[in-house]
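Chain letters run A, B, ... following the sequence lines, proteins first and then strands; every chain starts at 1. Note that this is a predicted model, so its numbers are computed, not measured.
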There are 4 protein chains.
Amino acid sequence: MTLESQSTKEKILQSALKLFSKKGYLGATTREIAKDAGVAEVTLFRHFTSKEKLLEGVLENYSFLPELKQKMPEILSLKYEEALHLIVKTFLKSLLTRKDTIKIIKSEILTHPDKISPFFQPFLRELYETLANYFVEMQRGGILKDFDPTLASRALLGMVFSYFEVEEFIFQREGSQESYEQILRDFVYIFARGTLK
Amino acid sequence: MTLESQSTKEKILQSALKLFSKKGYLGATTREIAKDAGVAEVTLFRHFTSKEKLLEGVLENYSFLPELKQKMPEILSLKYEEALHLIVKTFLKSLLTRKDTIKIIKSEILTHPDKISPFFQPFLRELYETLANYFVEMQRGGILKDFDPTLASRALLGMVFSYFEVEEFIFQREGSQESYEQILRDFVYIFARGTLK
Amino acid sequence: MTLESQSTKEKILQSALKLFSKKGYLGATTREIAKDAGVAEVTLFRHFTSKEKLLEGVLENYSFLPELKQKMPEILSLKYEEALHLIVKTFLKSLLTRKDTIKIIKSEILTHPDKISPFFQPFLRELYETLANYFVEMQRGGILKDFDPTLASRALLGMVFSYFEVEEFIFQREGSQESYEQILRDFVYIFARGTLK
Amino acid sequence: MTLESQSTKEKILQSALKLFSKKGYLGATTREIAKDAGVAEVTLFRHFTSKEKLLEGVLENYSFLPELKQKMPEILSLKYEEALHLIVKTFLKSLLTRKDTIKIIKSEILTHPDKISPFFQPFLRELYETLANYFVEMQRGGILKDFDPTLASRALLGMVFSYFEVEEFIFQREGSQESYEQILRDFVYIFARGTLK
DNA sequence: GATGAATGAGGTTTCATTCAT
DNA sequence: TATGAATGAAACCTCATTCAT
């Protein structure tokens, strides 16, 4: 029973993620989400009270996980340029994996800032912080120049994110991890030269 | 007559831009757009046939202009780092000016790719091309290293755009030109060092 | 001027006849009638005040003319069966000529009885009367049996009208005068035998 | 459940029949149909998807039934003139019963031939056929002259239908079965004399 | 927990018509 | 006389949601 019901909820969430990301929050109707999930429309409301709660559910459920943090020890043991490469590779991988969620965030931040921001801002801050800490470490080690570490984080991640955004959403290119490999190398090369002492 | 009518059309377009960017295409109703423009709802349809045509009108009307190109001569006469600074400054200025249009593009690309892409892709390609040409010039002059010029364009503009995006849309920080000044300097510094021979 | 204006009015009436008969009174819009007539929509209202007045105009303008009456002398000089044949032939010809008007009458009598009846009832009554008078004449001459002459008129015309109706409107068969020739002969034959002494 | 729902659907169909026949398809609004049926407007759309489907529903639901066929054995056992009388009486009864449906057919055939024809043509053909078969039988028995049996069917039914049409729809006379009795007798008398050997 | 039936509110769009020129 | 621009009213239809089972 609990299992059954969990799975029902899960099915609804998956359909919602799929359809919200394809048609936007307003464009996807509860009717079609329910149909896609194979349940009656009312059942959706049993589980989520309102469409907005469903959106929240989707965002919570599929929230980013700090995979980067988990890789931090490995990163610290690598040479600077290799470390940067691992960082952006991990970042890009998570972007590709969360592509649907990112679509929703991008298209709903405008109309539901109150729903999106509280969940997305902390993630961003922590991401920047984590990377900035790494830069501070390296600056202390005398390896890097004395730049604003948070700003540099945003520069590096920004290059990657913007590239990803344009490729996937503007040019609609469905890139694979591998297809991004060389680009990441080039970005890292420029950034590394620009920040090394 | 023509003047009157143009101004009516213009008023509708402005209201549409405002409301589409605030509430999204589906979230903004023709009723409130008309009301905001101070005309009857039917009048809107006399001028645009359908809501979709209105969206097209908004996008066409407020289309980006290659202000960068116009500045190219001046850019070529400056020292590399100063040139980069002028480039990103011009770019950011246009982002801030077109903020509402960008909002619409970001949130509707998902659900109206057919409407948005044809108008946005060429602009992007030309933007990258223009900047890449500058890099090629500088590489020929022996000033820059031998990197992929288009990719580098995207790296530089990506940093700026991503920063702009996060500030304005995620952190909702209504930044002025001036408030971005130092950040642009820092980005340019990193990028310049990373690309100079 | 008067000529010009008459011709404008006439063009509108023709377009209205055409479109009312194709799409019904409600189905045809003033916009498309005006467009078909090659005038601005407002011009139509200059000439007819309202859509209803336009319908009246169409009905008046194209009203049936008692072509039968004009043929009465000839009819009286013919043998009974030949006379009947000329009568139904004349009747059918007028049906085929007025087909569009008949369409309108059939489809609008329901929703505009007040507009249609006053114009159509007198015509019918006169038609029946005229034919009945002929029957009375022939009964007095001892040629025909002693039946109700008006009822017999309606029987004869009813056969023809019903056939016409089914062919043209139900089976959509655009018949020519000639294609009806034999059918009329058969109808007349049955009716003649049924009424002759 | 099923019963409840059937009754709701039935109520809507009845109101639609009533209002379509009174005001025409375009003249009757879904709003008033729903109101007349005592349900919300949306409910109407839950059951019929679109106004056109509702029209189809009305036509299907109230389709003519070949009551004539059922009476065929009795007819065959009667004398010719009595047989004809029973035939036209049955026909007229069905016309009076289906008056509303006939109104709709008459007024919408023009604008919805695709909806009406497929449902009405087969009925007509079968009606003509059934009656023609009777005439053929009688011709074989040497009782009737050698005329085209289908044409004769249309002549007989045409007289009756046309009379009905003019009375009910043009003269708006709401006739009862009885009021038609004598007229039918007269029609039958003429037709019988005209076709008997 | 799940659902078929029902709904109030509101969406885009079209219509006949008027105003000002 | 003729018209381009504007409109109030209302059309069909859809949405998220509730009720009763």
Checklist entry - Taking for each residue the nucleotide of DNA chain E with the nearest heavy atom, is it B:Y25 or C:F45 whose nucleotide lies nearer the 5' end? => result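 Nearest nucleotide further toward 5': that of B:Y25.
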Checklist entry - Between A:A40 and C:T30, who's closer to the 5' end of DNA chain E by nearest nucleotide? => result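 Mapping each residue to its closest nucleotide by heavy atoms, the 5'-most match is A:A40.
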Take atom [atom1] of [X] and atom [atom2] of [N], then tell me their distance rounded to the nearest Å.
| X | N | atom1 | atom2 | result |
| --- | --- | --- | --- | --- |
| C:R46 | E:dC19 | CZ | C1' | 11 Å |
| B:L26 | F:dT14 | CG | C1' | 13 Å |
| A:I12 | E:dG1 | CD1 | P | 12 Å |
| C:L54 | E:dA16 | CG | P | 10 Å |
| B:L55 | E:dT12 | CG | C1' | 15 Å |
| A:F48 | F:dT18 | CZ | C1' | 19 Å |
| C:E32 | E:dT17 | CD | C1' | 17 Å |
| A:K35 | F:dA16 | NZ | P | 15 Å |

Next on the checklist: Is it the case that the side chain of C:Q121 and the backbone of D:I170 share a donor-acceptor pair, with hydrogens and angles ignored and the cut-off at 3.5 Å?
Outcome noted: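 Side chain of C:Q121 to backbone of D:I170, a donor-acceptor pair under 3.5 Å: yes, one is there.
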Next on the checklist: Any side-chain to backbone donor/acceptor pair from B:S21 onto B:K18? Under 3.5 Å, distance only.
Outcome noted: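 Judged by distance alone, yes, a pair lies under 3.5 Å.
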May I ask you to evaluate whether [X] reaches the phosphate of [N], defined as a side-chain N or O under 4.0 Å from OP1 or OP2?
| X | N | result |
| --- | --- | --- |
| A:H47 | E:dA2 | yes |
| C:R31 | E:dT14 | no |
| B:T43 | F:dT7 | yes |
| B:S50 | E:dT12 | no |
| C:T8 | F:dA2 | yes |

Checklist entry - 5'-most contact on DNA chain F: D:E52 or A:K51, nearest heavy atom basis? => result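 The residue closer to the strand's 5' end, by nearest nucleotide, is D:E52.
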Counting side-chain heavy atoms from C-beta on, which of [options] comes nearest to [X]?
| X | options | answer |
| --- | --- | --- |
| D:T29 | F:dT14, E:dT12, F:dA11 | F:dA11 |
| D:V42 | F:dA5, F:dT14, F:dT3 | F:dT14 |
| D:E41 | F:dG8, E:dA16, F:dC12 | F:dC12 |

Item to check | Residues, nucleotides or ligands: over 12 heavy atoms within 6.0 Å of C:K99 NZ | outcome: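 Counting neighbours around NZ of C:K99, more than 12 heavy atoms of other residues, nucleotides or ligands fall under 6.0 Å, so yes.
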Checklist entry - Paired with E:dT12: which nucleotide, if any, by Watson-Crick or G-U wobble criteria at under 3.5 Å for both distances? => result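 Paired with E:dT12, as far as the under-3.5 Å criterion goes, is F:dA11.
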Item to check | Nucleotide opposite F:dT21 in a Watson-Crick or G-U pair, distances under 3.5 Å | outcome: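 WC or wobble partner is E:dA2.
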Next on the checklist: Just verifying a value: how many Å separate D:K51 NZ and D:T29 OG1, rounded to the nearest 0.5 Å?
Outcome noted: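 OG1 of D:T29 is found 7.0 Å from NZ of D:K51.
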Next on the checklist: Closer than 4.0 angstrom, basic N to acidic O: yes or no for A:E108 and A:K115?
Outcome noted: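 A:K115 and A:E108: not salt-bridged.
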Item to check | Ring-face cation of A:K9 near A:F48 (centre distance under 6.0 Å, axis angle within 45°) | outcome: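 Geometry flag: set, cation within 6.0 Å and 45°.
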Checklist entry - So what does A:A28 touch, heavy atoms closer than 4.0 Å: a base, only the sugar-phosphate, or nothing? => result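 Contact class for A:A28: sugar-phosphate only.
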